[in-house]
Amino acid sequence: IRSKSFLLSIGIALFIVAADAHTLYEYFKDGYDVHTSVFIKWIGVYRGFDEAIYLFVLLPLITSFAYSWTVCYDRSSGYITQVISRTNRKKYFLAKYIVSFISGGIIFAASVIFHFLLISMFLPAQYPVAAVGTSFVSPFSFCSELYYSSPYIFLLVWTVTAFLWGGAMVCIAIGIGMITKRYSISVILPFLIFTVQRIISDFITLRYSIL
């Protein structure tokens, strides 16, 4: 967590959520969403149309840049030979997976927590009411019942899930780094994979809705 790449990655992520929180505050000062609950505007359930959407678009790129590129760097520089001559290859890659998973998880989880703390300074912490219909959490959404009954527990569960998602994204980059020695590819390719996946998913959803 003291590496420059990790600090830069988490700095970018926190800057994005801080910018989104600032936009919401400007709306708040202008009289918009004054009585809207913090649980409704939180980035975990509301992507919005402001800066928050960039976090989810760039997340695979940001988390991969934190540490996963070191596998490619070790292979291209020959440093991996120095390591596996003292320990076996399995332990080396396991350590890389663990550290990379944790770094990616911290970036995503810290971002959603930071966003909640920022917007909770001016938005009320009212429990969301399902009958009102102002929240984007539908009855079939992730842990929807928990969201309306115990939103703070939902916040904790969603943050843990975000940690796991962030770590999983980095593991994709690690796997790519085991194949190629170009760390630029291992960092960018997960971003491209998730982007293409989203395009295909939206296309299928739109086509199904039309038919």
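Computed from a predicted structure; not experimentally measured.
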Could you give the distance from CD (Glu51) to CD1 (Ile16), rounded to the nearest 0.5 Å?
9.5 Å
Tell me, do Phe101 and Val170 make a side-chain contact under 4.5 Å, heavy atoms counted?
no
Any chain of hydrophobic side-chain contacts (each under 4.5 Å) joining Phe15 to Ile107?
no
Distance flag, aromatic centroids of Tyr152 and Phe39, threshold under 6.0 Å:
yes
Roughly how far, to the nearest 0.5 Å, is CD1 of Ile40 from CD1 of Ile119?
10.5 Å
Heavy-atom pair of closest approach, residues Ala18 and Leu118:
CA-CD1, 3.7 Å
I'd like to check Phe108 versus Phe163 (side-chain heavy atoms, cut-off strictly below 4.5 Å). Are they in contact?
no
I'd like to know whether OH of Tyr54 has more than 12 heavy-atom contacts from other residues, nucleotides or ligands below 6.0 angstrom.
no
Name the orientation class of the two ring planes belonging to Tyr147 and Phe154 (parallel below 30°, tilted from 30 to 60°, perpendicular beyond 60°).
perpendicular
Within the 4.5 Å heavy-atom criterion, are Trp42 and Leu123 side-chain neighbours or not?
no
Taking CD in Glu145 as the centre, count heavy atoms belonging to other residues, nucleotides or ligands within less than 6.0 Å. Is the count above 12?
no
Looking at CD1 of Ile113 and CD1 of Ile43, how far apart are the two atoms once the value is rounded to the nearest 0.5 Å?
12.0 Å
Has the side chain of Ser201 got a donor or acceptor atom that lies under 3.5 Å from a matching backbone atom of Arg198?
no
Without swapping roles, check the side chain of Thr87 against the backbone of Val83 for a donor-acceptor pair under 3.5 Å.
no
For Ile62 and Ser9, which heavy atoms make the closest approach, and how far apart are they?
O-OG, 3.1 Å
Under the 3.5 angstrom rule, does the side chain of Ser64 hit a backbone N or O of Leu61 as a donor-acceptor pair?
no
Between CG of Leu164 and SG of Cys171, what distance do you get to the nearest 0.5 Å?
10.5 Å
Looking only at atom types and distance, does a side-chain atom of Ser120 sit under 3.5 Å from a main-chain N or O of Leu117, one as donor and one as acceptor?
yes
Measuring from atom CD of Glu26 to atom OH of Tyr32, what distance do you get when rounded to the nearest 0.5 angstrom?
12.5 Å
Heavy-atom nearest pair, Pro151 first then Tyr127, reads CD-CE2, 3.5 Å
Return yes when atom CZ of Phe194 has more than 12 non-hydrogen atoms of other residues, nucleotides or ligands closer than 6.0 Å, and no otherwise.
yes
Taking the side chain from Ser37 and the backbone from Gln126, do they hold a donor-acceptor pair closer than 3.5 Å?
yes
Single-linkage hydrophobic cluster, 4.5 Å side-chain cutoff, Ile199 and Phe56 together:
no
Looking at Ile98, Asn88, Ile84, Ile80, which one forms a side-chain contact (heavy atoms from CB on, under 4.5 Å) with Phe93?
Ile80
How close do Met169 and Pro190 get, heavy atom to heavy atom, and via which atoms?
O-CB, 4.3 Å
Look at the side chain of Thr159 and the backbone N and O of Leu155, then say whether any donor-acceptor pair between them is shorter than 3.5 Å.
yes
Do Val38 and Lys41 have side-chain heavy atoms sitting under 4.5 Å apart?
no
Out of curiosity, Ile12 CD1 to Ser111 OG, how far, rounded to the nearest 0.5 Å?
11.0 Å
